[in-house]
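Below you'll find the structure, written out as C-alpha cells, and then a few comments.
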Number of protein chains: 2
Amino acid sequence: MKLTSKGRYAVMALVDLARFDSINPVSLRDISLRQGISLDYLEQIFSKLKKNEIVKSIRGTQGGYVLNKNPNDIKLTNIFHAVDEKVKTVQCNKDSKRGCNGKATKCITHNLWDELEIHINTFFENKSLNDLLNKNKETRV
Amino acid sequence: MKLTSKGRYAVMALVDLARFDSINPVSLRDISLRQGISLDYLEQIFSKLKKNEIVKSIRGTQGGYVLNKNPNDIKLTNIFHAVDEKVKTVQCNKDSKRGCNGKATKCITHNLWDELEIHINTFFENKSLNDLLNKNKETRV
DNA sequence: TACATACCTGACTAAAATGGTCAAGTTTTG
DNA sequence: CAAAACTTGACCATTTTAGTCAGGTATGTA
Ligand code: FES
Ligand code: FES
C-alpha cells in the first residue's frame, strides 16, 4: 500500500499555500521552489484542485492561487478525491455482486477489505487542512 | 493507495488453508481452484510464507501446507510482512534525517504521513487470522 | 503597448511496479 | 516407478507513476 507522490504533493502544496494566501496569491513557482516540486507537475495538480473548487486562480503578474474555502472545510478526503488519489483495497466493483476477476460471488475476505477501506478513509475524513497548519506551527522551533 | 493482489491473495489463501488444515495438509492446487488464484503465483506467495514460518510444507503425494502457528497468533501484519506488502506513505528513509528526493530536511507534512502509516498499521496489527475465520462463519448463510 | 509573469492545456515518455507465466527441477507416497 | 505436490529462478507483458516538454492565453506594470 503506497501513497503516491501526487497525493502527497497536493497536500504539501496546499499547506504551503494556506500559510501565505492571506497576504497575496501564491504562485506555483514559489511553491515549487519552497517545496521542491516540479513546476510542471504542480500545474497538473492545481488544474485538478481548481476544477474541484478547492483553490481559485488569479491570472497575470502577481497572480497565483488562493484557497477557495475555509481551511477547516478542506478535508484530506477532498484533496485526494480532487487529484484522483483513491483508496482501493479490492479490484472488484463495489456496486456489483460479482467478485474480483469477474467471479460470480464475492470472495471470503471481502468484508475485511471493506473494513480496511473504511478505516483508512476515516482518517482522511477527519483531517482538515487547518489541522495540518496548527500541527505545523506547534512543531516549528 | 492500493492494496496489491499479492497481499490480498496471501490472506485469502491463508483463510482457505485455516479452514481445512486440521484435517489434512492443503495443496496449493486446491486453494488455486477454490479461490481462483493462479497456481504458479500461489507458489511464489507460499514460498515467502514458509520462509517467515507462517506455514509448514509437507512434500510428496497427499502433501501440502499447514499453518505453523495458532490462527490467533497470525496477524495481518505478519502475513503482509512476509509477502513484502508494506505500507509506505513516504519516499524518504524513515531513519534518515533527510527528506524525500534527498532534501536536507523533512517536509512540512511529514508528521501527517507518519500518523497515517501508524493508523493503517494498527488495523493490521489488531486483526488475526482467527478473527477472519469467525467473521466468515458468522456471515455464512 | 510591450513585456514579463503566471496560469492553462495536452501530448509524450522513461522507469518502476504489478501480476503474473514458464521451465525445470526435487521429494515422497502408494 | 509413477503421480502428486512442493521448490526455485528466470522471464515478461501491461499498467501505473512521476514526471517532462511544448506550446499556448491572460493580465498587471513600466
Ligand atoms: S475482494 Fe473482490 S471479490 Fe473479494
Ligand atoms: S515525506 Fe519525505 S520529507 Fe516529508
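Quick note: numbers below take in every heavy atom, side chains included, and nothing from hydrogens, waters or symmetry partners. Residue numbers start from 1 in every chain, and the chains themselves are labelled A, B, ... in the order their sequence lines are given, proteins ahead of strands.
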Nearest-neighbour nucleotide for the A:Ser27 side chain, C:dT18, C:dA6, C:dG20 considered:
C:dA6
Interatomic distance where CE belongs to B:Met1 and C1' belongs to C:dA17 [whole Å]:
15 Å
Does the side-chain hydrogen bond (donor to acceptor under 3.5 Å, both in side chains) test come out yes or no for A:Ser57 and A:Lys50, once each step is laid out?
CA-CA 7 Å; A:Ser57 68; A:Lys50 191 190 169 187; 3.1 Å; yes
Just do the side-chain hydrogen bond (donor to acceptor under 3.5 Å, both in side chains) check on A:Thr77 and A:Glu125 with the steps written out, would you?
CA-CA 5 Å; A:Thr77 305; A:Glu125 277 153 24; 4.6 Å; no
Can you work out whether A:Leu3 or B:Gly64 has the more 5'-proximal nearest nucleotide on DNA chain D?
B:Gly64
What contact category does A:Val26 fall into here, base, sugar-phosphate, or nothing, at under 4.0 angstrom with non-hydrogen atoms?
sugar-phosphate
Side chain B:Asn101, main chain B:Lys103, donor-acceptor under 3.5 Å
no
Which residues, if any, of residues 80-94 of chain A bring a heavy atom under 4.0 Å of DNA chain C?
none
By a strict heavy-atom criterion of less than 4.0 Å, which residues belonging to residues 43-52 of chain A are in contact with DNA chain D?
A:Gln44
Would you give the length of the straight line joining atom OH of A:Tyr9 to atom CG of A:Asp16, rounded to the nearest 0.5 angstrom?
14.0 Å
Within less than 4.0 Å of OP1 or OP2 of C:dT27, is there a side-chain N or O belonging to B:Thr61?
no
Rounded interatomic separation in angstrom, taking CZ from A:Arg59 and P from C:dC7:
10 Å
Does A:His81 NE2 have over 12 foreign heavy atoms under 6.0 Å away?
no
Pick the closest DNA chain D nucleotide for A:Tyr9 and for B:Leu28 by heavy atoms, then say which residue is nearer the 5' end.
B:Leu28
Does A:Arg29 make a side-chain donor-acceptor contact with the base of C:dT5, cut-off 3.5 Å?
no
Please determine, for the side chain of A:Tyr65, which listed nucleotide (C:dA4, C:dA6, C:dC8) has the closest atom?
C:dC8
Side-chain atoms of B:Ser5 come closest, of C:dT27, C:dC8, C:dG20, to C:dG20
So where does chain A start and stop touching DNA chain D, 5' to 3', when the test is distance under 4.0 Å to a non-hydrogen atom?
D:dT17 to D:dG28
